[in-house]
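Convention: sequence-line order gives letters A, B, ...; per-chain numbering from 1.
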4 protein chains.
Amino acid sequence: MAKRTGEKHHDIIDAAVKTFARTGYHRTRVADIAREAGVADGTVYIYFKNKEDILVSLFQDLMIRFVEDLYSELVQCQDANEKLKKIINYHLTTLAGKPDQAKVTQIELRQIDQAINEGISRPLKRYFELIEEVINEGIQQGLYRKDLDTKTARKVVFGGIDEVVTCWVMSNKQYDLTALSEPVFELLVRGLR
Amino acid sequence: MAKRTGEKHHDIIDAAVKTFARTGYHRTRVADIAREAGVADGTVYIYFKNKEDILVSLFQDLMIRFVEDLYSELVQCQDANEKLKKIINYHLTTLAGKPDQAKVTQIELRQIDQAINEGISRPLKRYFELIEEVINEGIQQGLYRKDLDTKTARKVVFGGIDEVVTCWVMSNKQYDLTALSEPVFELLVRGLR
Amino acid sequence: MAKRTGEKHHDIIDAAVKTFARTGYHRTRVADIAREAGVADGTVYIYFKNKEDILVSLFQDLMIRFVEDLYSELVQCQDANEKLKKIINYHLTTLAGKPDQAKVTQIELRQIDQAINEGISRPLKRYFELIEEVINEGIQQGLYRKDLDTKTARKVVFGGIDEVVTCWVMSNKQYDLTALSEPVFELLVRGLR
Amino acid sequence: MAKRTGEKHHDIIDAAVKTFARTGYHRTRVADIAREAGVADGTVYIYFKNKEDILVSLFQDLMIRFVEDLYSELVQCQDANEKLKKIINYHLTTLAGKPDQAKVTQIELRQIDQAINEGISRPLKRYFELIEEVINEGIQQGLYRKDLDTKTARKVVFGGIDEVVTCWVMSNKQYDLTALSEPVFELLVRGLR
DNA sequence: CATGAATGAGCGTTCATTCAT
DNA sequence: AATGAATGAACGCTCATTCAT
C-alpha cells in the first residue's frame, strides 16, 4: 500500500489552499489542515518547516508553475502587445478558474510579514521580470514610448491587474472575471504607448 | 495638569501607528501600544473595542481625513486631467511624508479579516467613488474614451497607484516616492484616453 | 434637594439584590449595581468596603431583620410546637414573598468563601440559636424527646427547611412555597417527638 | 515508562479535588491544578472543556459512583427503614472518609451557575429519586404515613443530611461525623412515620 | 515516515478598586 | 459626599510545535 512519495506533500498543500480560502490564514489551525489532508498533525511538520512555510510553499508552487506556463505561452506571441494581452488574459483566466487559489493569493498571502519573505518575493519577482521584459520589448519594437520608466510601468501594470482580481475576490466572485481581460488590456496598453 | 479630553484617544492611535509600523500588527501586543502611549492596558479598552478596532479606527481616521482633504483640493482643479494628476500626487505625497502610516496602510491593514470589515471598506469606498467621479467627468469633458468601463478603469487606476506605494514601502523607502507622480500620471491618463 | 442620609446605601443594597438575583453574584459587575442604583461606580465604595461586602451587608440586613421580626412573633406563641410551626411558616412565607431575596440567599450567598465569612455566619448563628432554644423549650415542656441532641436536631430542622426553599428557587418558583409549610412542620415535629 | 491511558484524566481530577478543597474553586488557577497533577496547562484542556467542566466532571464522577455503590447496598436491605438508615449512614460515612471531596461537594460545587448546570443536577436527581423510592416503599410497607408528600419528604430528608455534613465541613471536621448517623436517622424516620 | 498526545509560551481582555477633581 | 476615568493585576485558554513510540 505504498504511497507515492510526495503524495502527502501534495495532499497537505491542497488541504491548505482549501482551508485558508475558507477560514483565512490566521484562523486556520495546523490541525485543521492536517484533518482536511487526512494526516496527523505531526506529519505536516515532516513536509513543512512551520505554518507559514505551508503558505509560502503553496504560493511558490503556484507561482512557479504560473510563470513557467505563462512563459511558454508568451514565446508563441508575435509582439509585445500580443504578449501583454496574453499576460493579462492568462492572469485573469487562471485565477477565475481557481477561486480558492485566488482567495489565498489575493488575501491570505498578504497576511505574512512581507519584510522577511524571500519565499514570496522571489517567485513574484520572476513574474515582475517577465512583465518588464515584455515592456522593454515593446519599447524596442517601437510599440511603447521610449521614455517609459520600465519599473514604474511594470508596477502600474501589475497593480492594475492585481486590483481587478482582488475586487473580484472580495465581491465573492459574483461576475465574470475573464470578461475584464479586454478592457484592462486597453487601459494598460494605451498607458504604455 | 489636566489632559484635554480625547487626548488619550489620540495618544493611543499615534502609539498604534508607530508600533504597528515597527513590529507588525500581529506581533504587536496591546500592552506594547499602551506602554508607547503612556497609558495602562485597560485604558486602551475604554477607547477601543479591541485590538482590531484600533487598527480599523486608525485607518478610518486617516482615510476620512485623506479623502476630505483630497476632495477640497479637487474642487480647485479645472478638469479631470488636472484632478487625476492631483489624486496621484496627493496620494503619493501624503504617504511619502508619513512612512509609518504608509506601512500600516499598505501592509498591516491587509492582515485583517476582510470579510468582516465594513470599517475598512466604507472609507475606502468613498475614495473609490471619488476616482470614479473624476473618470466620469473626464468622459463627459471628452477627455477620456466614451466606451470606458468606469469601474474597471477605477480599479486599474487605484491598483496602479497602490502598487507603486507598496513597492516603495517594501523597498524600505529608499527612493523618492513623489518623483513617481509624473510617470504614473502619464501611464494612467493615456490609458483612459 | 437634599437626600436623606442612608438613602443611597439603601438604593445600592436594593440594586444589588435585583442584580445578583438576575445575573448571579460572580457575573454581576460593580458597575452594573451602580448603574441600577443610579450612582457612580466610586460611590459604591463610599458605602461598602468591596463587592463581597455588598453581598454580606445585604444578607446581614435581611437576616437581622428576619430574626428580629421572627423573634417578636415567637414570644406570642404558647409552646414549642407552635413556635416551630411559626418558624417554618415565617421562613417560607418571607422568602415566598421576596423571590429576589430568596434567590440571593439560597444561591448567590453560597458563592462566597465561607471559611472567612464571619459576616454571614454571625447573623445566621443567631437564627440557629433561636431554633435550638425552641427545641430545648420543647424538651423542657415534654413535647420532644429528652434524649434529643439539640444541635443535630437544629441542623436537620434548618437543613430541611432550607432545602425546601432551594428546590423552590431552582424550580423558578413555579409552585406555592407557603403551602409546604404544613407538611414540612409535620415531618419535623414528628422527628423531634 | 508508558502511562496508562486515562491516567492523566484521573490525575487531573485528583489534583482538582485537592486544590479546590484547599484554595476554593474561584481562587484556584487552572495552572495550579496542572502543576499539582504534574501536567502542562494545555493538557488540562485535552481532558476538560474548561475550568468549570473540571468541577462538574469531578462531581459527576463522585456522584455517579456514590449512587451506584449506595444502590447495590440498598438491595441487600430488608425494608425501607433499613434502607433509610443505610442511606444516611452511607452518605455520612463516605464524606467523613474523604474530607477533600466533602469540602468540594458541600462548598465549592455550589459556586457554579446553577441555572446552566445540567451536569450537576442530573446525577443529583438520581440520588433524589433513590430517596423518594425508599420513602414510597416505606409507605407501601406501612412503615410511613400514607398521607406523606413524597417529594417534600425527600427534600427534608436530603436537606437534613446535607446540612449536617455542611456544618461538619465548616467546623473543619473537628468531630466524628459518622456518629451523627444514628440521631439523624431517628429524627428523619420519626418524621416519616 | 507517521503518529497524536503533550507541551507551555503567549496574550487579549475584564473589572474591582482607586483617587484627582 | 460624589464622580467616573484610569488603573493594572490577574488568568483562562489557544494552538503551533515537539518527540517518544
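The NE2-P distance, from A:H9 to E:dA2, rounds to 12 Å in whole Å. Atom pair B:E52:CD and E:dT13:P shows a separation of 9 Å (rounding to whole Å applied). Going from atom CD of B:E7 over to atom C1' of F:dA6 covers 14 Å, rounded to whole Å. Atom CZ of A:R27 and atom P of F:dT14 are 15 Å apart (whole Å). Distance CG (A:N50) to P (F:dT18): 9 Å, rounded to an integer number of Å. In this entry the distance linking CD1 of C:I33 with C1' of E:dA16 reads 11 Å, nearest Å. The nearest whole Å value for the distance from the CD1 atom in B:I46 to the P atom in F:dG8 is 12 Å. Between D:R35 atom CZ and E:dT7 atom C1' the separation is 16 Å, expressed in whole Å.
Projected onto DNA chain E by closest heavy-atom contact, D:G38 and B:H26 fall at different nucleotides, the more 5' of which corresponds to D:G38. Looking at which nucleotide of DNA chain E each of D:D41 and B:K49 is closest to, the 5′-most match is held by D:D41. Along DNA chain F, the nucleotide nearest to D:K51 and the one nearest to A:G42 differ in position, and the one closer to the 5' end is contacted by D:K51.
Considering only the side chain of A:R29, F:dA16 comes nearest among F:dT7, E:dT17, F:dA16. Considering only side-chain atoms of B:V39, the nucleotide from F:dT7, F:dA2, F:dC13 that sits closest is F:dT7. Proximity note for D:Y45 (side chain, C-beta onward) versus F:dT14, E:dT13, F:dA2: the nearest is F:dT14. Comparing atom distances between the A:T43 side chain and each of E:dT3, F:dT7, F:dT17 picks out E:dT3 as nearest.
Of all the heavy atoms in C:F59 and C:T105, the pair that sits closest is CE1-CG2, 4.0 Å. Nearest heavy-atom pair, D:I64 versus D:P123, reported as atom, atom and distance to 0.1 Å: CG1-CB, 4.3 Å.
Counting heavy-atom neighbours within 6.0 Å of A:R22 CZ, excluding the residue itself, gives a total above 12. No more than 12 heavy atoms of other residues, nucleotides or ligands lie within 6.0 Å of NE2 in B:H10, so this atom counts as exposed by the packing criterion.
Side-chain atoms of B:Y25 and B:K51, non-hydrogen and from C-beta on, do get closer than 4.5 Å to each other. Considering only heavy atoms from C-beta on, C:I120 stays 4.5 Å or farther from C:M63 through its side chain.
No engagement by D:V44 is indicated, since no non-hydrogen atom pair under 4.0 Å with the nucleic acid exists. C:Y47 comes within 4.0 angstrom of the backbone, heavy atoms only, and of no base.
Ion pairing of C:D32 with C:R35 is present here, as a side-chain N (NZ or NE/NH1/NH2) and a carboxylate O approach within less than 4.0 Å.
To the nearest 0.5 Å, atoms CG (D:L58) and CG (D:L62) are separated by 5.0 Å.
Residues from residues 15-23 of chain C that place a heavy atom under 4.0 Å from any atom of DNA chain F: there are none.
Consecutive pairing runs in DNA chain E reach the stem threshold at E:2-21 with F:2-21, where a stem means at least three Watson-Crick or G-U wobble pairs with distances under 3.5 Å.
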